Amino acid sequence: MNDKHHNASGADNNSKKSEEQNPEIRLENEGVEINDVETADGEAEDEEISELESLKNLLQQKENEVEKEKKEYLFLMAEFDNFRKRTLRERTDLLKSAGEKVLKGLLPIVDDFERGLDAIKDSSDAEAVKEGMVLIYNKLIKYLADNGVKAMESTGADFDTELHEAVAMVPADDETPKGKVKDTVSKGYTINDKVLRHAKVVVAQ
């Protein structure tokens, strides 16, 4: 009987030694298979690769969108610059054309002055010369009015810094109260109701 117990103990010891020397046998005994662990690791690695590819694709898509928007922005900037240059050129041409038109309209008046000067050489009639000068002056004033230029009525009016430039101050009297324009040294003019030239005036103070 002792021999049987001794043999059984020895068999258990050998079994334990065998498990310690070969871990795979112990894992199998515990119901865990190596293939299951390797499969789980492989699936996790595949998922990481798939996620990385998705991120790369998304990044490439965003880069393409940014590049497209950049090209569209540069195109719009070029179009705006062309529009700005074209508008500036058209405005310059318009002002130049308007200036030419105004100057061309003055030429007939210059012709009248030249004819008047020629007439003065051979004329001793001061009254006729005066009438000729008045006609030319009225023609010039009418031409200015037709182009929106009008003279200001300053003498006797209230002094207004928006319209007048004071060149002298004189004491106020019964005829010209304080703050009124006593005299106009140089007429002021407006063009389309905007000041073209301030009137130079003497102000009662």
Side-chain angles (χ1 to χ4, degrees), residues 66-205:
V66 170
E67 186 65 24
K68 180 182 178 182
E69 291 179 358
K70 180 180 178 181
K71 290 180 179 179
E72 291 177 353
Y73 170 77
L74 293 175
F75 175 77
L76 289 175
M77 287 297 295
E79 282 291 308
F80 175 77
D81 188 57
N82 291 335
F83 170 77
R84 182 182 61 81
K85 290 179 180 178
R86 183 170 61 253
T87 302
L88 181 61
R89 183 172 60 252
E90 290 175 353
R91 182 180 179 185
T92 302
D93 293 341
L94 181 63
L95 292 175
K96 182 178 179 181
S97 176
E100 290 176 352
K101 181 180 179 181
V102 170
L103 294 175
K104 186 177 180 180
L106 289 173
L107 296 180
I109 300 175
V110 174
D111 294 338
D112 290 342
F113 270 116
E114 290 178 347
R115 283 191 288 267
L117 292 173
D118 289 338
I120 290 174
K121 294 177 183 179
D122 302 325
S123 177
S124 58
D125 188 350
E127 189 64 27
V129 172
K130 179 182 177 181
E131 289 179 1
M133 291 291 292
V134 170
L135 289 174
I136 296 172
Y137 173 77
N138 289 336
K139 186 175 182 178
L140 177 59
I141 292 300
K142 183 178 183 304
Y143 176 76
L144 292 175
D146 290 342
N147 286 274
V149 179
K150 296 180 181 179
M152 298 179 189
E153 296 295 335
S154 299
T155 303
D158 293 331
F159 176 72
D160 186 349
T161 56
E162 296 293 329
L163 303 174
H164 308 133
E165 178 185 346
V167 295
M169 298 287 186
V170 297
D173 52 28
D174 294 338
E175 183 180 350
T176 309
K178 182 178 180 180
K180 296 285 187 178
V181 175
K182 176 72 174 179
D183 190 20
T184 301
V185 178
S186 178
K187 282 185 178 181
Y189 288 88
T190 61
I191 180 168
N192 298 324
D193 297 325
K194 294 182 180 180
V195 176
L196 180 63
R197 188 181 76 178
H198 290 80
K200 295 182 179 181
V201 299
V202 177
V203 182
Q205 187 67 31

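Because the structure is predicted, anything quoted here is derived from the model rather than measured.
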(request) Taking the side chain as every heavy atom from C-beta outward, state whether L103 and L107 have any atom pair closer than 4.5 Å. (result) no

(message) To check you understand the geometry: which heavy-atom pair defines the closest contact between P177 and A172, and what is its length?
(response) C-CB, 3.8 Å

Counting only pairs under 3.5 Å, give me each side-chain donor-acceptor contact of residues 72-80, with atom names and distances, residues two or more places apart or in other chains.
none

(request) For D158 and K180, work out which heavy atoms get closest and say how close. (result) OD1-NZ, 2.6 Å

(request) Could you grab the distance from atom CG of L163 to atom CD of E153, nearest 0.5 Å is fine? (result) 12.0 Å

(request) Answer yes or no: is there a side-chain heavy-atom contact under 4.5 Å between T92 and L95? (result) no

(request) Might you point out which heavy atoms bring D173 and T176 nearest each other, and give the distance in Å? (result) OD1-N, 2.6 Å

(request) Might you confirm whether atom CE of M133 has over 12 heavy atoms from other residues, nucleotides or ligands at distances under 6.0 Å? (result) no

(request) Of all the heavy-atom pairs spanning V181 and S154, show the shortest one and how long it is. (result) CB-O, 3.3 Å

(request) List in chain and number order the residues that pass side-chain hydrogen bond (donor to acceptor under 3.5 Å, both in side chains) with D183, two or more places apart in sequence or in another chain; answer none if no residue qualifies. (result) none

(message) Going by the rule salt bridge (charged side-chain N to carboxylate O under 4.0 Å, His left out), which residues pair with R84 if we only count those two or more places apart in sequence or in a different chain?
(response) D81

(message) Checking T184 now: which residues fulfil side-chain hydrogen bond (donor to acceptor under 3.5 Å, both in side chains) with it, not counting sequence neighbours?
(response) T155

(message) Under the rule for salt bridge (charged side-chain N to carboxylate O under 4.0 Å, His left out), what residues qualify as partners of D174, not counting sequence neighbours?
(response) none

(message) Test of understanding: with side-chain hydrogen bond (donor to acceptor under 3.5 Å, both in side chains), list the residues that count as partners of K139, not counting sequence neighbours.
(response) D112

(request) Could you name each residue pair satisfying salt bridge (charged side-chain N to carboxylate O under 4.0 Å, His left out) that touches residues 89-111, not counting sequence neighbours? (result) none

(request) Would you indicate whether the side-chain heavy atoms of I141 and V149 approach each other to under 4.5 Å? (result) no

(request) Please list, chain by chain and in numerical order, all residues satisfying salt bridge (charged side-chain N to carboxylate O under 4.0 Å, His left out) with K187, sequence neighbours excluded. (result) none

(request) Please collect all side-chain hydrogen bond (donor to acceptor under 3.5 Å, both in side chains) contacts where either partner lies in residues 193-205, sequence neighbours excluded, each pair once. (result) S186-R197

(message) Going by side-chain hydrogen bond (donor to acceptor under 3.5 Å, both in side chains), name the pairs with one or both residues in residues 141-152, residues two or more places apart or in two chains.
(response) K142-D146

(request) Mind checking salt bridge (charged side-chain N to carboxylate O under 4.0 Å, His left out) for D125 and listing every partner two or more places apart, or none if nothing turns up? (result) none

(request) Quick one: list whatever passes side-chain hydrogen bond (donor to acceptor under 3.5 Å, both in side chains) with N82, sequence neighbours left out. (result) none

